[in-house]
Amino acid sequence: MSNASNRREGHLFPRRLDPQLPVAVKADGVWIEDQDGNRYLDASGGAIVVNAGHGRKEIAQAVYDQILAYDYIHPTMFTTPAAEGLADALVEHAPEGIDRFYFLSGGAEAVEAAIKLARQIHLANSRPEKFRLISRWKSYHGLTLGALSAMGRAAFQTPYAPMLAQAVHIPPPYCLRCSYGLTFPDCRLRCALALEETILNMGPETVSAFLAETVSGGTLAACPPPPGYFEVVRKICDTYDVLLILDEVLCGMGRTGRWFACQHDDVVPDLVTLGKGLAGGTVPLSAVGVKGIHFDAVCANGGGFTHGGTFSHHPVAAAAGLALVQILEREQLVERVAEVGGVLGETLKNRLSDLPWVGDVRGIGFLWGIELVRDKASNTPFPRKQKVTEKIWQALFENGIITYKSTGLAGIDGDAIIVAPPFVTDTSDFEVVAEKLKAAIEHVLST
């Protein structure tokens, strides 16, 4: 029987059930303030969402104007200038060939829509036998059932395993803990070649798509693939008529210093998902981008995408997204990430790399991960039961710095902290974050 005296106040079913959280009352730029007057430097943009900074009046005005003009318009009855305009704006920055965007509310929705659309593309091209999905271990694609099936983290899947569809997983490009015990570049990208091996083992005629994060995010703590990885993957997918879906919900919209993270590798996916920073965190908004040739195939002979959602293509959300894109363009914030992201990385490396518990500092743009280990020589992780990440995160939070947690990098063990601030963060704040992160690591692990 539960103890009523320990029951939290109010009627909200909160995201976290363990602590009584502080109440946020204001946010501006890179700062969040709670009801007690405490200020926090948001060095992770929440869940790696806020890219243009908090409290953007231009986005608020765009949303206000859109609501007053018209708020809810069902996308099967009308199109809207806001949704059309956002699609046009994204195509201006997208990889060549990606020229259609389908708008939804959350990242998991976008991933599920992409998986379904891949299947429908094959049906439109008279390949009905292609239905199977390949993804990667240590990936995160969302917590709805379809996205959860594709995810590569068993801890999230286990409670719902009887409800999940089957996806086949291959090792990720994670050089620090290579699944094959190899070293780049002598490995000849064995982790990429595993895709071809798996396709052949499954039967190429049955495989619909390969789903991968362009830059591994929350689950592998900002881990970019080694050079050439996606070039090999793209060739394998082309060889076997397998569609390449890149999940850029976390790493897209300028986070890596390019509008789309895949542009670093000059690789064009068949489908790409966006979310999180698509509206700068102001409203729920996500998208699936698709090559025009696939869109045309689905539309042929009067067909259509057998999918939908009450709040898809929402004009108010689209207005927020369009305003965000215009801010990134006008202030050249994606270019700033490309220019200054290396400074953020070097600041973290300079402060943290010599600590005996820091196994790796890695990342790109404004997305950096600090992996923590019990033994640096062997990269032996801390046992998960010690909750090293949570303790360091809490120490930082109590000192006014917000970062993002990453756990389970080595089986069920493994700890990391992610630093992914808004694109407007001053370089002087990099030093503050790095110094306080160093102090928090030393405080938690030297005692």
Side-chain angles (χ1 to χ4, degrees), residues 95 97 111 114-115 118-119 121-122 127 129-141 149-154 166-217 219-248 251 256 260-273 291 360 362-364 369 371 379 408-411 414:
V111 169
I115 294 170
R119 166 66 175 162
I121 290 166
H122 287 303
R127 296 192 292 262
E129 66 280 2
K130 282 185 167 287
F131 68 96
R132 305 179 76 181
L133 178 69
I134 301 173
S135 58
R136 300 190 308 209
W137 292 115
K138 302 300 177 186
S139 62
Y140 185 93
H141 299 294
S149 297
M151 185 194 294
R153 284 202 66 181
Q166 290 187 349
V168 175
H169 296 80
I170 64 173
Y174 181 26
C175 294
L176 186 69
R177 301 182 187 279
C178 176
S179 297
Y180 302 98
L182 302 173
T183 303
F184 181 80
D186 294 337
C187 64
R188 299 174 61 194
L189 295 169
R190 179 67 180 85
C191 55
L193 296 175
L195 175 60
E196 182 171 39
E197 179 183 2
T198 303
I199 291 171
L200 291 172
N201 285 337
M202 295 171 67
E205 70 280 2
T206 71
V207 180
S208 169
F210 175 54
L211 168 65
E213 297 164 293
T214 312
V215 177
S216 296
T219 304
L220 279 182
C223 191
Y229 174 85
F230 275 113
E231 181 181 352
V232 173
V233 163
R234 178 73 269 182
K235 289 179 180 177
I236 292 170
C237 288
D238 289 341
T239 298
Y240 299 103
D241 288 326
V242 171
L243 298 177
L244 175 59
I245 306 172
L246 292 184
D247 183 348
E248 299 205 359
C251 64
T256 66
F260 291 74
C262 59
Q263 291 169 327
H264 291 282
D265 300 293
D266 292 325
V267 167
V268 180
D270 296 284
L271 302 98
V272 61
T273 62
K291 282 183 175 179
D360 195 18
R362 55 176 176 262
I364 185 172
E371 183 163 349
N379 285 323
L409 294 85

From [X] [atom1] over to [Y] [atom2], what is the distance, rounded to the nearest 0.5 angstrom?
X	Y	atom1	atom2	value
Thr239	Ile199	OG1	CD1	8.5 Å
Asp247	Leu211	CG	CG	6.0 Å
Thr198	Arg136	OG1	CZ	12.5 Å
Leu243	Ile121	CG	CD1	5.0 Å

[X]: which residues meet the side-chain contact (heavy atoms from CB on, under 4.5 Å) condition with it, sequence neighbours left out?
X	answer
Leu182	Cys178, Tyr180, Cys187, Arg190
Ala222	Leu367
Glu196	Leu200, Ile236, Tyr240
Pro224	Val215, Ile364

Compare every heavy atom of [Y] with every heavy atom of [X], then report the nearest pair and how far apart it is.
X	Y	answer
Ala150	Ser135	O-OG, 2.6 Å
Ala209	Leu133	O-CD1, 3.5 Å
Cys191	Ile170	O-CD1, 4.2 Å
Leu189	Pro226	CD2-CG, 3.7 Å
Val242	Phe210	CG1-N, 3.6 Å
Ala221	Leu409	CB-CD2, 4.1 Å

side-chain hydrogen bond (donor to acceptor under 3.5 Å, both in side chains) partners for [X], two or more places apart:
X	result
Asp360	Arg362
Ser139	His141
Asp238	Arg234
Arg127	His122

Qualifying residues under ring-ring contact (aromatic ring centres under 6.0 Å, His included), relative to His264, sequence neighbours excluded: none
Are any side-chain N or O atoms of Arg119 and backbone N or O atoms of Lys130, one a donor and one an acceptor, separated by less than 3.5 Å? yes
Donor-acceptor pair, side chain of Lys138 and main chain of Ser216, under 3.5 angstrom: no
If a pair satisfies side chain to side chain donor-acceptor pair (under 3.5 Å) and one of its residues is in residues 202-215, list it, with sequence neighbours excluded. Thr214-Glu248
Sorted by first residue and then second, give each salt bridge (Lys or Arg N to Asp or Glu O under 4.0 Å) pair with at least one member in residues 166-182; sequence neighbours left out. Arg177-Glu371
Quick one: are Pro269 and Phe230 in side-chain contact, heavy atoms under 4.5 Å? no
Applying salt bridge (Lys or Arg N to Asp or Glu O under 4.0 Å), can you list everything that pairs with Glu231, at least two apart in sequence or on another chain? Lys235
Are Val233 and Val267 close enough, and set up right, to give a side-chain contact (heavy atoms from CB on, under 4.5 Å), and what steps lead you there? CA-CA 9 Å; Val233 163; Val267 167; over 6 Å; no
